[in-house]
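See structure below.
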There are 2 protein chains.
Amino acid sequence: MPESTAKKPSRIQRRNRRVILDAALEVFSKHGYRGATLDQIAAEAGLSKPNILYYFNGKEDIHVTLLSQLMETWLDPLVELDPDGDPRREILDYVERKLTMSRELPRESRLFANEILQGAPRIEPELKRHLKPLFDEKCTVIAGWVAAGKLPPLDPQHLIFSIWATTQHYADFEAQAQILLGPETDPRPRAQAHLQAMFGALLDLPEPSANG
Amino acid sequence: MPESTAKKPSRIQRRNRRVILDAALEVFSKHGYRGATLDQIAAEAGLSKPNILYYFNGKEDIHVTLLSQLMETWLDPLVELDPDGDPRREILDYVERKLTMSRELPRESRLFANEILQGAPRIEPELKRHLKPLFDEKCTVIAGWVAAGKLPPLDPQHLIFSIWATTQHYADFEAQAQILLGPETDPRPRAQAHLQAMFGALLDLPEPSANG
DNA sequence: GTCTATAACGCGATAGAC
DNA sequence: GTCTATCGCGTTATAGAC
């Protein structure tokens, strides 16, 4: 195996690891941790099963690696929320970034949802170490905006929860949306308009006509 | 096994089936379909594994039975949405019913979420047969309210999605909420206030001070 | 580094005594 | 109806040839 003491992971090693992780994301997000098998991951990656286990220490190692890598990408839209920007614009832009992410990275969203749904057994330390401080920081920012009279009175924590819930819904519950709306249409353009109107109303914004 | 031709399932049979289904709900909602084992269900039910299989034809039979039974309860809050009631009151009351349900039946919510997340492989027929018609019916009701000028212009389908997403979030992502808010507090009272304010703003309601 | 073959284990389901 | 014991299968992981 590639030892932790190995100084130089070769180009082919890094490439194969990426191929395996991408295949694993596909399989884990579709079937959950327990429902995924190394056979499926190996087939998806175009590699043999023992070869998978040459690059990773086991099924759980792959899963944890995926979740850890996901963390940074996942927090990024919230990191970008600017304390010095216009409060209502910042929040509505955050909604848009989250919805875009749920369209472009639905597998990541479902991987994350699967893990939380089962009690976050493997990602809990990462959440406490990275998500919690960021969440608290941004809640303080929003509370400051409210205190300064730049926003109407609202609950920062539950506002963020509402944004997460509504935007990730379109990735996590895609199967249900397809049954109810039909498989043809991508619901996200209309979802975008609806969410901008809803959060805009909460933030006491007049109708947003365009946003960037 | 209890044949389909058996005329009279005894009292003890019905009781044991209920005990097994309750245990299975606990285990399936916590670990997902594939992650759950008959051993866990048997231990939770206080019965032996073969005895479980005396009452059900297999693991999948238990799972499908649970999902089917859940369907009715799950749709009930939406069924109650009254076309002849006050539009804004009806929708805000629906939000409250859904939030109450996510507090009182979190296991059912997670069972459902798990199934949808994996593409609804077993519940899809039920969704098409029961959820879809109800969803369409109530969307038409809301669209009628909008057309009649009783509500501001809004998207009925995505309004309902937003209600589902925000209310079920507190059951499905409970692990995340506990990490971010602390395990002591039940977030739902403040969630209730936040959601009433948010959807109230969208529906152009003044601040709701109390609701029944 | 990558493969074939297989060991070790856990799981769903069945057989058969009581 | 309920149990103990066990079968057969699928899955993770390893051994060893190349």
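Residue numbers start from 1 in every chain, and the chains themselves are labelled A, B, ... in the order their sequence lines are given, proteins ahead of strands.
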Would you please confirm or rule out a distance under 4.0 Å between OP1 or OP2 of dC3(D) and any side-chain N or O of N51(B)? yes

Keeping the roles fixed (side chain from E90(B), backbone from D82(B)), state whether a donor-acceptor pair exists under 3.5 Å. yes

dC3(C), OP1 or OP2 - any side-chain N/O from S48(A) closer than 4.0 Å? yes

Can you name the ring pair (Phe, Tyr, Trp, His ring centres under 6.0 Å) partners of H31(B), sequence neighbours left out? none

Measure CD/Q40(A) against C1'/dT11(D) and give the value in whole Å, please. 11 Å

Summarise protein proximity over nucleotides 11-18 of chain C in one line of letters, 5' to 3': B for base, S for sugar-phosphate only, - for none, counting protein heavy atoms closer than 4.0 Å. SBBB----

Taking CZ from R11(B) and C1' from dG1(D), how many angstroms apart are they, rounded to a whole number? 16 Å

Is the side chain of Q40(A) donor-acceptor paired with the backbone N or O of T37(A) at a distance under 3.5 Å, no angle test? yes

Determine yes or no for a side-chain-to-main-chain donor-acceptor pair under 3.5 angstrom, with Q196(B) supplying the side chain and L92(B) the backbone. yes

If I take atom CZ in residue F56(A) and atom C1' in nucleotide dT14(D), what distance separates them, rounded to the nearest angstrom? 19 Å

For I52(A) and dT4(C), what is the distance between atoms CD1 and P respectively, to the nearest whole Å? 14 Å

On the nucleotide dC3(C), are OP1 or OP2 found under 4.0 Å from the side-chain N or O atoms that Y54(A) carries? no

List for me each residue that meets ring pair (Phe, Tyr, Trp, His ring centres under 6.0 Å) alongside W164(B), sequence neighbours excluded, and say none if there are none. F135(B), F161(B)

Is there a donor-acceptor contact under 3.5 Å linking the side chains of Q157(A) and R190(B)? yes

Contact class for N16(A) vs. all strands (heavy atom < 4.0 Å): base, sugar-phosphate, or nothing? sugar-phosphate

